[in-house]
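Below: the structure, in structure tokens.
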Amino acid sequence: YVARGGTLPRAKPRPLVKELKNGDTVAGDGFTVRVQSVIHAQPVLECFGYRLEAEGASFAYSGDAGPCKAMEELARNADVLVHMCHFISGTALNAEFDKRNSGHLEVARLAQAAGVRNLVASHITEQMDVPGVRERLIREMGEIYRGNLFFGEDLMEIPVGAPGPRKLD
């Protein structure tokens, strides 16, 4: 803190916290965020999906969620959807796990049904980190979802529009 120019004693943060609930909309200077309950860990946790709209662009985020109509509605015609892709479809631990989490084919179906332009699969597990497996999953998802598909990685930058190749040097 001091090394970056701060002066001691350091003031404790005093964040303004507002708990959100299903159906809330938060509006700020030039942006809105819509909140919807999504299926995942109820009744232990209340889980939400979000849609941010600003400057003519839209971003939807599932958090941890199984496939559900609420998330499909939030993602409708979104420029970018980041969605939990937790397991390879057909390998769920049990029916309840399958319902409360998302497999790769379910994520592809949701994104296609919602008309999403860019889909980012996130919350990827180690079962997908095997040479050749990720490529197979991308091919299978691409047979369902016709937009731009990304397997999310830390610090990855996703374009709001269509991705394009870099110029050869």
Side-chain angles (χ1 to χ4, degrees), residues 15 18-42 45-89 92 97-129 133-167:
K18 178 187 179 209
E19 296 234 4
L20 299 174
K21 62 185 182 314
N22 184 42
D24 278 353
T25 297
V26 177
D29 187 19
F31 73 90
T32 60
V33 177
R34 287 188 359 222
V35 180
Q36 291 283 95
S37 288
V38 294
I39 188 168
H40 184 58
Q42 293 84 347
L45 296 173
E46 183 65 29
C47 302
F48 296 114
Y50 303 89
R51 181 184 178 99
L52 167 66
E53 295 183 4
E55 298 179 9
S58 55
F59 170 81
Y61 175 66
S62 74
D64 287 354
C68 61
K69 283 293 181 191
M71 198 60 233
E72 186 178 323
E73 290 169 15
L74 285 172
R76 180 89 43 228
N77 298 316
D79 293 301
V80 177
L81 166 63
V82 176
H83 202 291
M84 173 193 211
C85 185
H86 198 57
F87 62 95
I88 298 171
S89 297
F97 183 89
D98 192 34
K99 175 180 158 185
R100 296 178 176 276
N101 297 279
S102 294
H104 76 293
L105 298 178
E106 291 74 27
V107 171
R109 285 185 195 106
L110 185 145
Q112 182 64 28
V116 171
R117 284 178 272 300
N118 296 288
L119 169 60
V120 182
S122 68
H123 207 313
I124 306 297
T125 56
E126 64 277 0
Q127 85 173 155
M128 299 174 189
D129 275 339
V133 172
R134 181 176 288 194
E135 292 80 4
R136 176 177 62 87
L137 300 178
I138 290 169
R139 179 183 48 77
E140 291 173 359
M141 292 173 81
E143 290 171 0
I144 297 167
Y145 171 66
R146 299 298 180 199
N148 302 306
L149 176 60
F150 304 83
F151 263 56
E153 298 178 13
D154 290 349
L155 303 178
M156 183 180 244
E157 293 183 19
I158 306 299
V160 172
R166 291 186 177 163
K167 181 181 175 195

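Bear in mind that the values here come from a model prediction, so they are computed numbers and not experimental data.
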Inset, instruction - Can you measure from CE (Met141) to CD (Glu143) and round to the nearest 0.5 angstrom? - result: 11.5 Å
Legend entry - Main-chain N/O of Ala27 paired to Thr32 side chain as donor or acceptor, under 3.5 Å: no
Inset, instruction - Work out which heavy atom in Ser102 is nearest to a heavy atom in Val107; give both atom names and the distance. - result: CB-CG2, 3.5 Å
Legend entry - Beyond-backbone contact of Asp98 with Phe87, side-chain heavy atoms, under 4.5 angstrom: yes
Legend entry - Distance, nearest 0.5 Å, that separates CG of Asp64 from CD1 of Ile39: 12.5 Å
Legend entry - Glu55, CD atom: more than 12 neighbouring heavy atoms under 6.0 Å: no
Legend entry - Gln112 side chain vs Arg146 backbone, donor-acceptor pair below 3.5 Å: yes
Inset, instruction - Give the minimum heavy-atom separation between Arg100 and Gln42, together with the two atoms involved. - result: NH1-O, 3.2 Å
Inset, instruction - Give me the ring orientation class for His123 and His86: parallel if the planes are under 30° apart, tilted from 30 to 60°, perpendicular past 60°. - result: perpendicular
Inset, instruction - Please round to the nearest 0.5 Å and tell me the distance separating atom CD of Glu106 and atom SG of Cys68. - result: 12.5 Å
Legend entry - Any Arg134 side-chain heavy atom under 4.5 Å of Ile124 side chain: yes
Inset, instruction - Indicate yes or no: at least one non-hydrogen side-chain atom of Leu110 is less than 4.5 angstrom from one of Leu81. - result: yes
Inset, instruction - Give a yes or no on whether the backbone of Met84 and the side-chain of Ser62 come within a donor-acceptor separation of less than 3.5 Å. - result: yes
Legend entry - Approximate separation, where rounding is to 0.5 Å, of Phe151 CZ and Ile138 CD1: 5.0 Å
Legend entry - Side-chain (Arg34) to main-chain (Gly23) donor-acceptor, under 3.5 angstrom: no
Legend entry - Between OH on residue Tyr61 and CE on residue Met71, distance to nearest 0.5 Å: 10.0 Å
Inset, instruction - Mark yes or no for whether Asp24, through its side chain, and Val35, through its backbone, hold a donor-acceptor pair below 3.5 Å. - result: no
Legend entry - Side chains of Tyr50 and Leu20 in contact at under 4.5 Å (non-hydrogen atoms): yes
Inset, instruction - Would you name the heavy atoms of Pro163 and Asn148 that are closest together and state the gap between them? - result: CD-ND2, 3.2 Å
Legend entry - Nearest heavy atoms of His40 and Cys47, plus distance in Å: CB-SG, 3.7 Å
Inset, instruction - For residues Val160 and Val80, report the shortest heavy-atom separation together with the two atoms involved. - result: CA-CG2, 4.2 Å
Inset, instruction - Examine distances only and state if a side-chain atom of Asp79 and a backbone atom of Phe59 form a donor-acceptor pair shorter than 3.5 Å. - result: no
Inset, instruction - Keeping the roles fixed (side chain from Arg51, backbone from Arg76), state whether a donor-acceptor pair exists under 3.5 Å. - result: yes
Inset, instruction - Identify the two heavy atoms, one from Tyr145 and one from Ala108, that lie closest to each other, and give their separation to 0.1 Å. - result: CB-O, 3.7 Å
Legend entry - Gap separating the CG atom of Leu149 from the NE2 atom of His104, nearest 0.5 angstrom: 10.5 Å
Inset, instruction - Could you tell me whether a side-chain N or O of Gln127 sits under 3.5 Å from a main-chain N or O of Ile88, the two making a donor and an acceptor? - result: yes
Inset, instruction - Evaluate the criterion salt bridge (charged side-chain N to carboxylate O under 4.0 Å, His left out) for residue pair Glu140 and Arg136; output intermediate values, then yes/no. - result: CA-CA 6 Å; Glu140 291 173 359; Arg136 176 177 62 87; 2.9 Å; yes
Legend entry - Carboxylate-amine/guanidinium contact Arg139 Glu135, below 4.0 Å: no
